[in-house]
Amino acid sequence: MPEPVMLITGASRGIGAATARAAAAAGYRLALLARSADSLAPLTDELGDDVLALPCDITDWPALSATVQRVEDHFGRLDATFANAGLSMQTSFLGNGGADPEQWRDMVLTNVYGAAITARAALPALARTGGHLLLTGSNAGRGIRPGNLYSATKWAITGLAQNIRAECVGTGVRVTLIQPGMVETEMTASTQDVPKLRAEDIANAALYALRQPPGVDVNELVIRPTGQDPNR
């Protein structure tokens, strides 16, 4: 059997880049998606052969579907897809600071619509291989966060994962929702003096789910740094 193929969105940094490194070490051939080819170049240079770098806006359905088809055409198969790309910003519905509502659109489109159409683009190929879909949710999508639209987008990913899993019954496709707590990334750089996970910790969780035998479907993984307040 040829080495498996994994597609990762939001692959140029943070959890996506860490997962790419872990998957490459585990023998995966990789398709790495990000908005900019330049942002992917350092990682693809590092990982070498069997890496396809694909600039793509994951909120653009024609571009995304064509990109996923290109991955399957290039490698001959698709075994795993990690819908990981996401945006975060501070919001307030009362207008008490935070990002201007005009900026909210990109976050909602990326976090919800982008994840949904990534699944739609990849699942026919994953059904052909009995593959695996992983999605990045968040601990913030498990409880109430006052005024926090990001949290609401991650609640949506929780429901999305469950609905996809229900539709995939009988196909052999596994669906894993990874719900990290606070992770040390560019999105959390302004949050100080709290415990944080490393991006590599989430990559290890993704590989844990992928390494299970075909009859085992790890539905959800909730991962927090030791000592994190679960309400944050």
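Basis for what follows: all heavy atoms, side chains included, without hydrogens, waters or symmetry-related copies.
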Exam field: side chain Asp79 to backbone Val5, donor-acceptor pair closer than 3.5 Å: yes

Check the surroundings of atom CG in Asp49: do more than 12 heavy atoms from other residues, nucleotides or ligands lie under 6.0 Å from it? no

Less than 3.5 Å apart, any donor N or O on the side chain of Glu167 or Asn163 sitting next to an acceptor on the other? no

Rounded to the nearest 0.5 Å, how far apart are OG1 of Thr176 and NE2 of His132? 3.0 Å

Decide, yes or no, whether a salt bridge links Arg198 with Asp201 under the criterion of side-chain N to carboxylate O below 4.0 Å. yes

Is any side-chain heavy atom of Leu210 closer than 4.5 Å to one of Leu134? yes

Check whether Val222 and Phe82 end up in the same hydrophobic cluster, where Ile, Leu, Val, Met, Phe, Trp and Tyr are linked by side-chain heavy atoms less than 4.5 Å apart. no

Side-chain ion pair, Glu72 and Arg128, N-O less than 4.0 Å: yes

Leu32 and Leu54: CA distance, side-chain angles, deciding distance, side chain to side chain contact (heavy atoms under 4.5 Å, CB included) verdict: CA-CA 6 Å; Leu32 305 181; Leu54 298 168; over 6 Å; no

Polar side-chain atom of Asn219 near backbone of Asp217 as donor-acceptor pair, under 3.5 Å: yes

Cluster overlap Leu221 with Ile8, hydrophobic side-chain contacts below 4.5 Å: yes

Side chain to side chain contact (heavy atoms under 4.5 Å, CB included) for Arg165 and Leu133? Distances and angles first, verdict last. CA-CA 9 Å; Arg165 188 179 301 112; Leu133 175 69; over 6 Å; no

Within a strict 4.5 Å, meaning less than it, do heavy atoms of the Thr81 and Leu126 side chains meet? yes

Taking Asn96 for its side chain and Ser92 for its backbone only, find out whether a donor-acceptor pair lies under 3.5 Å. no

4.5 Å side-chain heavy-atom contact, Met107 and Leu149: yes

Once you round to the nearest 0.5 Å, how far does CG of Leu78 lie from CD of Gln69? 10.5 Å

Sub-3.5 Å donor-acceptor pair from the side chain of Arg29 to the main-chain atoms of Leu52, do we have one? no

Can you tell me how far apart CG (Leu160) and NZ (Lys154) are? Round to the nearest 0.5 Å. 10.5 Å

Just checking, is any N or O donor in the side chain of Asn84 or Thr136 under 3.5 Å from an acceptor N or O on the other one? yes

Tell me, do Tyr150 and Asn111 make a side-chain contact under 4.5 Å, heavy atoms counted? yes

Do Ile157 and Gln179 have side chains that approach each other closer than 4.5 Å (heavy atoms only, starting at C-beta)? no

What residue among Leu135, Val68, Thr59, Thr9 forms side-chain contact (heavy atoms from CB on, under 4.5 Å) with Thr118? Thr9

Would Trp61 and Ile164 show up in the same hydrophobic cluster when neighbours are defined by side-chain heavy atoms closer than 4.5 Å? yes

Answer yes if the side chains of Thr158 and Glu220 hold a donor-acceptor pair under 3.5 Å, and no otherwise. no

Does Thr91 have any side chain to side chain donor-acceptor pair (under 3.5 Å) partners at least two apart in sequence or in another chain, and if so, which? none

Does either side chain, that of Asp38 or that of Ser36, offer a donor lying less than 3.5 Å from an acceptor on the other one? no

Within this structure, what is the CG-SG distance for the pair Leu64 and Cys56, rounded to the nearest 0.5 Å? 5.0 Å

What about Trp104 and Phe93, are their ring centers closer than 6.0 Å? yes

Under a single-linkage definition using a 4.5 Å side-chain heavy-atom cutoff for Ile, Leu, Val, Met, Phe, Trp and Tyr, are Val112 and Ile178 assigned to the same hydrophobic cluster? no

Can you tell me how far OH of Tyr113 sits from CZ of Arg105, rounded to the nearest 0.5 angstrom? 14.0 Å

Testing the basics here: between Ser39 and Ala34, what is the closest heavy-atom pair and its distance to 0.1 Å? OG-CB, 3.8 Å

